[in-house]
Amino acid sequence: MTVRAKDSARDPVRSRPATRSPIEAAEAARRRMDDPAYRVEADQRRGRGAVSNPTGRYEPAQRETFDDGWDLEVDLPPLPTEVIIEKPRTVITRNDSPDIGYDRSINPYRGCEHGCSYCFARPTHAYQGLSSGLDFETKIFAKPSAPELLEKELRAANYQPGTIAIGSNTDPYQPVERRFRIMRGILEVLNQANHPVGIVTKSALVTRDIDILAQMADKQLAKVAISITTLDPKLARKMEPRAASPAKRLETVRKLTENGIPVTVLVAPIIPAINDHEIEAILKASAEAGATEAGYVLLRLPHDLKELVRDWLAEHYPDKLNHVFSLLQEARGGKDYDAQWGVRQTGIGPYAWMLGRRFETTAERLGLNKRSLKLRTDLFRPPAKETGQLSLF
Ligand code: SF4
């Protein structure tokens, strides 16, 4: 088999009609997954979340595999993880979205090897000319200079402190962090500057940094959110193959809270007919492990993620494909996704309303969200000079 380029107007994802019923879209996904030029064989994507790798949406030509007659007997090896070093000029990204609780963030990595099939950051890989599918979880961009850049940005005369969110886009504790230790370098800078940080992760690796996080939490400078989507290890393996198992995530909640680090559990995303029945059980297990706050997000499907999720369902849950998208469209005003601020996190309509009430009543019964911890900014002191240690990067 080999790969050739063809006009992207023939791309089976991009050439789809703008509006289709859930049934028509499901049929199209099933046809795609039967097409050897489109689907990626199971051996090659072993241990990965996405089941396809459609061409990035900004690319002028589409890649397709075809049989060239030379290697009919050869099984393609599993896709390796490739790390690309990125050298940005700055590292703090600003946003003005009114429906999220922070105005700045840091992404030590782009792409995420955890490979969650539903990950809403997937479409951002198109900016690198790459696919939101398997490319997103196999081609990882790392920013080893992030701690050094952060130190410089915090030292700027006009810098005003405010909670920096890390992990709001891609996971800072994904597997390559073991090797690069970028997140640890960032935490060292933030701790030294008494600067607040809010972390989101699905990885047990965050416990490696308990020594720093406990010092910061003691000064009300750190909180961690652990996303838990299911308690079923079989579903987790299909849905988020390289993230920590559900049991390991609960153990992570316990270890963090035992060390005085406040933990929020995020039931995110809720995928209709796949994990929506688990809201109460996840909240209960998390509260028992020590979480004090909780949130949830309904599945968000920007850009081509909607078709990637259809491909994933066609492969793993073909009988549920129509039902998932019927419920989703009910909660998204008849569309697969509505990106409007204020409704994109939770959706609208009876199904979305029911999810919200189930979440709220359970959280209240378990004593979650009694108060929302505000991190302190008044302790901030700009880094005085370069540490020398960071010049290693
Ligand atoms: S852990 Fe987070 S960033 Fe990584 S793939 Fe999963 S949802 Fe995306």
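Excluded from the calculations below are hydrogen atoms, water molecules and symmetry mates; all remaining heavy atoms, backbone and side chain alike, are included.
- Cation-pi geometry between R57 and Y127 is satisfied (NZ or CZ under 6.0 Å from the ring centre, within 45° of the ring normal).
- Partners of Y351 under the ring pair (Phe, Tyr, Trp, His ring centres under 6.0 Å) rule, at least two apart in sequence or in another chain, do not exist in this structure.
- Although no hydrogens or angles enter the test, the distance criterion places a donor-acceptor pair under 3.5 Å between the side chain of R242 and the main chain of G47.
- With respect to the salt-bridge test (charged N to carboxylate O, under 4.0 angstrom), the residues R32 and D311 qualify.
- Looking at residues two or more places apart in sequence or on another chain, you find a side chain to side chain contact (heavy atoms under 4.5 Å, CB included) between A352 and A331.
- The backbone N or O of A204 lies less than 3.5 Å from no partner atom in the side chain of E251, so there is not a single donor-acceptor pair.
- Between R332 and D338, no side-chain nitrogen of the basic residue sits less than 4.0 Å from a carboxylate oxygen of the acidic one, so the salt-bridge criterion is not met.
- Here the two rings, on H114 and Y173, have centers that are 6.0 Å apart or farther.
- Atom CG of N191 and atom CG of L221 lie 7.5 Å apart (nearest 0.5 Å).
- A donor-acceptor pair under 3.5 Å is absent between the side-chain atoms of N169 and the main chain of A121, judged by distance alone.
- Going from atom CD1 of I166 over to atom CE of M183 covers 4.0 Å, rounded to the nearest 0.5 Å.
- S131 and N53 share a donor-acceptor pair across their side chains, judged by distance under 3.5 Å alone.
- Salt-bridge annotation for E315 and R39: absent, with no side-chain N of the basic residue lying under 4.0 Å from a carboxylate O of the acidic one.
- With salt bridges taken as basic N to acidic carboxylate O contacts below 4.0 Å, one links E137 and R122.
- Looking at N275, its side chain does come within 3.5 Å of a backbone N or O of P269 through a donor-acceptor pair.
- A salt bridge is absent between R31 and D34; no separation between the charged side-chain nitrogens and carboxylate oxygens falls under 4.0 Å.
- Look at R184 and D211 and you find a salt bridge, because one of the NZ, NE, NH1 or NH2 atoms lies within 4.0 Å of a carboxylate O, short of that distance.
- Remark: R181 CZ to L187 CG distance equals 11.0 Å, nearest 0.5 Å.
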Salt bridge (charged side-chain N to carboxylate O under 4.0 Å, His left out) between E258 and K255, intermediate numbers included: CA-CA 5 Å; E258 280 172 359; K255 280 188 183 163; over 6 Å; no
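- Taking the six-membered ring where tryptophan is involved, the planes of Y109 and F180 are perpendicular, since the angle between them exceeds 60° and thus also 30°.
- There is a side-chain donor-acceptor pair under 3.5 Å between R48 and T81.
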